[in-house]
Amino acid sequence: MHIIIVGGDNTAYFLAKRFADRDYTVTIINRDAMRCQELAEQTLATVVRGDGTDVKTLKEAGARRAAALLAITPEAPANPVAFQIPHPR
């Protein structure tokens, strides 16, 4: 099962590790290049640098095949926007 996490704080880190421990495929989307590098080194997740509200970034992260998208950014307005992206099945 594929899970996308939008955000890069400690919550995203711990969630990525927990999902990977349960054999989920995890992709993290984060804007900060340095944090992306850290997350790539510290987790088994695929890390995509970009804006989690951008359709192109979500496609790159595999949103079409994702079972879940968790938006846990500190920017509250960005969280509901990620869920407004169409997700055809």
Side-chain angles (χ1 to χ4, degrees):
M1 189 177 304
H2 183 65
I3 307 292
I4 296 174
I5 300 171
V6 180
D9 63 4
N10 286 338
T11 303
Y13 165 79
F14 286 111
L15 284 172
K17 290 193 69 82
R18 297 280 289 180
F19 282 122
D21 287 346
R22 290 175 169 74
D23 295 323
Y24 288 86
T25 303
V26 180
T27 300
I28 299 171
I29 300 173
N30 190 274
R31 292 181 186 171
D32 182 86
M34 203 159 193
R35 185 62 177 150
C36 286
Q37 181 67 35
E38 291 171 355
L39 290 166
E41 292 171 359
Q42 298 172 355
T43 69
L44 297 175
T46 299
V47 181
V48 175
R49 182 172 177 245
D51 183 345
T53 64
D54 179 69
V55 174
K56 183 178 172 185
T57 302
L58 289 166
K59 285 181 182 178
E60 182 181 343
R64 292 196 185 274
R65 72 179 195 287
L69 186 149
L70 306 174
I72 52 172
T73 69
E75 298 92 28
N79 294 333
V81 171
F83 290 104
Q84 294 176 18
I85 307 299
H87 186 277
R89 283 267 180 198

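All residue numbers in this chain count up from 1 along the given sequence. Worth saying up front: this structure is predicted, and the values here are computed from it rather than measured.
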Asker: Quick check: closest heavy atoms across Ala12 and Gly7, and the distance to 0.1 Å?
Answerer: CB-O, 3.7 Å
Asker: Whether the side chain of Asn10 engages the backbone of Tyr13 through a donor-acceptor N/O pair (distance < 3.5 Å, no angle test) should be reported.
Answerer: no
Asker: Hey, is the main chain of Arg31 close enough, under 3.5 Å, to the side chain of Arg49 for a donor-acceptor pair?
Answerer: yes
Asker: Return the minimal non-hydrogen interatomic distance between Ile72 and Ile5, and the atom names on each side.
Answerer: CD1-CG2, 3.7 Å
Asker: Can you tell me how far CG of Leu70 sits from CD1 of Ile28, rounded to the nearest 0.5 angstrom?
Answerer: 10.5 Å
Asker: Taking the side chain as everything from C-beta on, heavy atoms only, tell me whether Leu69 gets closer than 4.5 Å to Leu58.
Answerer: yes
Asker: Filter on ring-ring contact (aromatic ring centres under 6.0 Å, His included), then keep only pairs touching residues 18-51, sequence neighbours left out; what's left?
Answerer: Phe19-Tyr24
Asker: Strictly by side chain to side chain donor-acceptor pair (under 3.5 Å), give each pair with a member in residues 34-45 just once, sequence neighbours left out.
Answerer: Arg35-Glu38, Gln37-Glu41
Asker: Please report the C-alpha distance between Leu15 and Ile3 in whole Å, then the side-chain angles of each, then the deciding distance to 0.1 Å, and finally whether the side chain to side chain contact (heavy atoms under 4.5 Å, CB included) criterion is met.
Answerer: CA-CA 10 Å; Leu15 284 172; Ile3 307 292; over 6 Å; no
Asker: Kindly indicate whether the side chain of Leu44, heavy atoms from C-beta on, has any atom under 4.5 Å from the side chain of Val26.
Answerer: no
Asker: Heavy atoms only: give me the nearest Met1-Ala67 pair and the separation to one decimal.
Answerer: CG-CB, 3.2 Å
Asker: Identify the two heavy atoms, one from Ala61 and one from Ile4, that lie closest to each other, and give their separation to 0.1 Å.
Answerer: O-CD1, 3.7 Å
